[in-house]
Amino acid sequence: MTRLILMAAASAAFVVPAFLLGPSLGAQAPAATAFEVASVKPNKTGDGRIMLGMQPGGRSNASNVPVRLLLRQAFNVQDFQIVGGPDWLSSDRFDVVAKAPEGVEFTGDALRPMIRSLLADRFKLAFHNETREMPNYALVKARADGKLGPNLTPAAIDCAAVMRGRRGGPPPAPPQPGQKMECGFMIGPGRMNAGGMPMTNLAQTLSPQVGRVVLDKTDLTGNYDFELTYAPEALGIGGPPLLNGGPAPVDPNLPNLFTALQEQIGL
């Protein structure tokens, strides 16, 4: 299948087509494609958990994220579709808090150009696109009768109503260990915890774990709560944490990701 490849570089001298974003073109991004205000701070905690979320009032919060994850969000691609760029795109972690301009509908499509502008402005990144042939996976129901697994249930909370009720208030606190995620997505080594998420989000999150584009073919509409616990087999986002330069021990009793998908959520 033909898929987009994003080429990234941290040099303003990188040769790219005319649609390159950022200061290397000597042009300001239009107001509708830039955050009204944004804070970017290094995260030195060493915590393996990554949190992403949209909050009332057009706020976007990203905690402990590598820049490669922001690139994935900005261009709606997976990690393996990003080629080039310096090593710190993967190794360094950041906390990003940003607010969209008033009146901007805060959707994924609206968020992407604002993240691109932030990457060009704050990280001095330049980009261009290429097309290559790549294999993919399809996420489907595992059982012929369509029955889902015990860890996949329709969303217990109307997250849109929750966000409206919190408008202008503080973001929700992250879940405690063993607690379900409410209206968000948390990824840790060998663990996914989500609340109020569509299946397209799960498919996109699985892609970096399996090294291929994952297409949502479940025919499941609406939002769902789900939890996955599995043995991480690859380094990177969701992979095993590093201890003294090497991977941490993996619990031999945990299933691999493909088995966990079938047993725990029925996909």
Quick check on the hydrophobic clustering: are [X] and [Y] connected, directly or via other members, by side-chain heavy-atom contacts under 4.5 Å?
X      : Y      : result
Val97  : Phe123 : no
Phe258 : Leu152 : yes
Val140 : Met197 : no

Any idea which heavy atoms bring [X] and [Y] closest together, and the distance?
X      : Y      : result
Ala142 : Gln262 : CB-CG, 4.3 Å
Phe80  : Val213 : CZ-N, 3.1 Å
Glu227 : Gln264 : O-OE1, 3.8 Å
Met114 : Pro101 : SD-CD, 3.8 Å

Is there a side-chain contact between [X] and [Y] in this structure, where contact means two heavy atoms from C-beta onward sitting under 4.5 Å apart?
X      : Y      : value
Leu206 : Tyr137 : no
Met199 : Phe226 : yes
Ile50  : Pro66  : yes
Ile115 : Phe75  : no
Leu119 : Phe127 : yes
Leu202 : Met192 : yes
Arg132 : Val83  : yes
Asp47  : Arg93  : no

Approximate separation, where rounding is to 0.5 Å, of [X] [atom1] and [Y] [atom2]:
X      : Y      : atom1 : atom2 : result
Leu71  : Arg116 : CG    : CZ    : 10.5 Å
Leu267 : Lys141 : CG    : NZ    : 9.0 Å
Ser39  : Lys99  : OG    : NZ    : 14.5 Å
Ile265 : Leu139 : CD1   : CG    : 6.5 Å
Leu111 : Gln73  : CG    : CD    : 6.0 Å
Arg72  : Thr205 : CZ    : OG1   : 7.0 Å

Working note: Thr229 + Leu254, criterion side-chain contact (heavy atoms from CB on, under 4.5 Å); need CA distance, chi angles, decisive distance, verdict. CA-CA 7 Å; Thr229 305; Leu254 289 176; 3.8 Å; yes
Result for side-chain contact (heavy atoms from CB on, under 4.5 Å) between Pro255 and one of Leu257, Asn253, Thr259 points to Thr259
Going by side-chain contact (heavy atoms from CB on, under 4.5 Å), Asn43 matches just one of Asn64, Asp92, Val65, Val96. Which one? Asn64
Hey, does the side chain of [X] reach the backbone of [Y] with a donor-acceptor pair shorter than 3.5 angstrom?
X      : Y      : answer
Asp216 : Thr218 : yes
Arg68  : Asp79  : yes
Ser117 : Thr33  : yes
Asp225 : Gly196 : yes
Ser63  : Asp95  : no

Can you tell whether the side chains of Lys147 and Asp145 come within less than 4.0 Å, N to carboxylate O? no
Report the C-alpha separation of Phe94 and Leu70 in whole Å, then their side-chain angles, then the decisive distance to 0.1 Å, and conclude whether the side-chain contact (heavy atoms from CB on, under 4.5 Å) test is met. CA-CA 10 Å; Phe94 296 89; Leu70 297 178; 5.8 Å; no
Could you give me the CA-CA distance, side-chain angles and deciding distance for Leu125 and Leu89, then say whether side-chain contact (heavy atoms from CB on, under 4.5 Å) is met? CA-CA 10 Å; Leu125 289 177; Leu89 293 181; 4.0 Å; yes
